[in-house]
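The sequence lines fix the lettering, A, B, ..., with proteins before strands; numbering per chain opens at 1.
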Number of protein chains: 2
Amino acid sequence: MSAKPPVALTSSLSFQLGALGTTVADRFAARIAPLGLEPKHAGLLALLANGRARSQAEAAAIMGVAPSLLVNFADGLEDLNALTRRRDPADRRRQVLALTEEGTRLLQACNRIADGIDADLTADLAPADTAALRRALPKMTGFPEPADD
Amino acid sequence: MSAKPPVALTSSLSFQLGALGTTVADRFAARIAPLGLEPKHAGLLALLANGRARSQAEAAAIMGVAPSLLVNFADGLEDLNALTRRRDPADRRRQVLALTEEGTRLLQACNRIADGIDADLTADLAPADTAALRRALPKMTGFPEPADD
DNA sequence: TATTGTTATACTCTATAACTATA
DNA sequence: TATAGTTATAGAGTATAACAATA
């Protein structure tokens with residue numbers, strides 16, 4: 001008999017979440033690439049849209065990346081006319097980032113792409129399990145935070 | 001009014017799974033590092049333990065990495081005395097990998113670490129939601145496959 | 001000629017360290 | 001002196017290409 005399965009590792013939530021996260025991130029990256037975007041670009045767009053970050057330093061802190069990296073992301077989005085940079089008059093060291101209409105359009109396109117992937121992922125799931133997933137994930141990630149607007 | 005939330009992206013399963021996957025993978029990596037292991041090492045150990053891969057080429061194909069990379073992983077595990085390499089007498093091109101007792105011990109340590117992270121992740125979840133998660137994830141990742149032994 | 005494993009090389013991504021300007 | 005942003009450099013991780021042995 002095989003009372004205890006020899007390998008529990010691949011059955012653990014940790015392992016499966018890690019693997020699934022990579023897969024999903026790769027798929028998302030592939031589908032937004034034609035828009036000229038990378039995942040971090042989309043994250044920055046979302047951050048600006050919900051007003052949780054206004055300067056580059058704030059965005060870098062929330063996204064957990066080095067400020068020097070955020071320069072590149074902002075550069076890319078600026079090249080796409082997705083955002084504007086303007087110096088904060090009150091503190092001219094700060095670059096205040098603001099979404100443009102094009103930036104909003106790009107973000108909405110990202111939303112649709114994410115929704116499409118969500119639909120694929122949950123296609124084989126019982127509706128109740130999908131609902132449980134939507135309840136559980138925010139508790140595990142810690143976002144989106146309740147504050148909305 | 002804000003009938004439609006301005007940013008659905010961070011609420012999508014895709015985004016949350018991507019972010020959570022990175023977090024969990026990082027945490028797992030940090031906790032197995034003292035054992036001298038990286039996540040890919042653990043994956044290879046699991047693959048060998050459940051008998052789904054015997055040669056390096058097979059393991060590389062299943063893990064989705066280049067054969068040249070698998071050499072490094074196998075080297076690392078060999079240095080830890082976690083596996084043995086021996087040429088297949090029937091086809092001397094093939095290196096047949098086999099877990100040692102030490103490899104089994106290391107894999108069990110990884111299992112315990114993964115279980116610990118699982119417990120942390122699900123601490124704030126309703127038991128029913130945790131159960132739903134355990135049902136749903138294998139359907140989304142495609143593994144572990146039903147065949148067991 | 002094709003395949004397995006290996007080694008060597010190149011490339012991408014990210015992190016770190018200077019530098020400028022403002023405070 | 002400290003901070004925001006920027007630029008330049010270096011390191012880690014991965015992929016690609018060339019090689020040796022065997023089929």
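In this structure, A:E58 places its CD atom 9 Å from P of D:dA4, rounding to the nearest Å. B:Q95 places its CD atom 14 Å from the C1' atom of C:dT7, with the value rounded to the nearest Å. If you take CZ of A:R54 and C1' of D:dG5, they are 17 Å apart, rounded to a whole angstrom. Computed from coordinates, the B:F73 CZ to C:dT6 C1' distance equals 15 Å when rounded to whole Å. Per the geometry, CG belonging to A:N72 stands 9 Å off P belonging to D:dT7, to the nearest Å. Between B:L70 atom CG and C:dT6 atom P the separation is 9 Å, expressed in whole Å. Look at CG on A:L83: it is 13 Å from P on D:dG5, rounded to the nearest Å. Straight-line distance from the CG atom of B:L44 to the C1' atom of C:dG5: 14 Å, rounded to whole Å.
Of the listed nucleotides (D:dA23, D:dG5, C:dG5), D:dG5 has the atom at the smallest distance from the side chain of A:S55.
Remark: the backbone N or O of A:A74 is not paired with any side-chain donor or acceptor of A:E78 at under 3.5 angstrom. A donor-acceptor pair is defined here as one N or O able to donate and one able to accept, closer than 3.5 Å; such a pair exists between the side chain of A:D118 and the backbone of B:S14. Side chain of A:D88 to main chain of A:Q95: no donor-acceptor pair is present (N/O by atom type, distance under 3.5 Å, no hydrogens or angles).
Here B:A66 lies in heavy-atom contact (under 4.0 Å) with a base.
Each of A:K40 and B:A57 was assigned the nucleotide of DNA chain C with the nearest heavy atom; the assignment lying further toward the 5' end belongs to B:A57. Between A:V71 and A:R93, the residue anchored closer to the 5' end of DNA chain D is A:R93, taking for each the nucleotide with the nearest heavy atom.
With no hydrogens or angles considered, a side-chain donor-acceptor pair links B:Q56 and B:R85 at under 3.5 Å.
Between D:dT6 and A:R87, no contact under 4.0 Å exists linking OP1 or OP2 to a side-chain N or O.
Evaluation of atom-type donor-acceptor distances gives no pair under 3.5 Å for the side chain of B:R94 against the base of C:dT4. Scanning atom types as modelled, one donor and one acceptor separated by under 3.5 angstrom connect the side chain of B:S68 and the base of D:dT16. Interface remark: the B:R92 side chain does not form any donor-acceptor pair with the D:dT22 base, using a distance-only criterion of under 3.5 Å.
Looking at B:M140 and A:L133, their side chains come closer than 4.5 Å, going by heavy atoms from C-beta outward.
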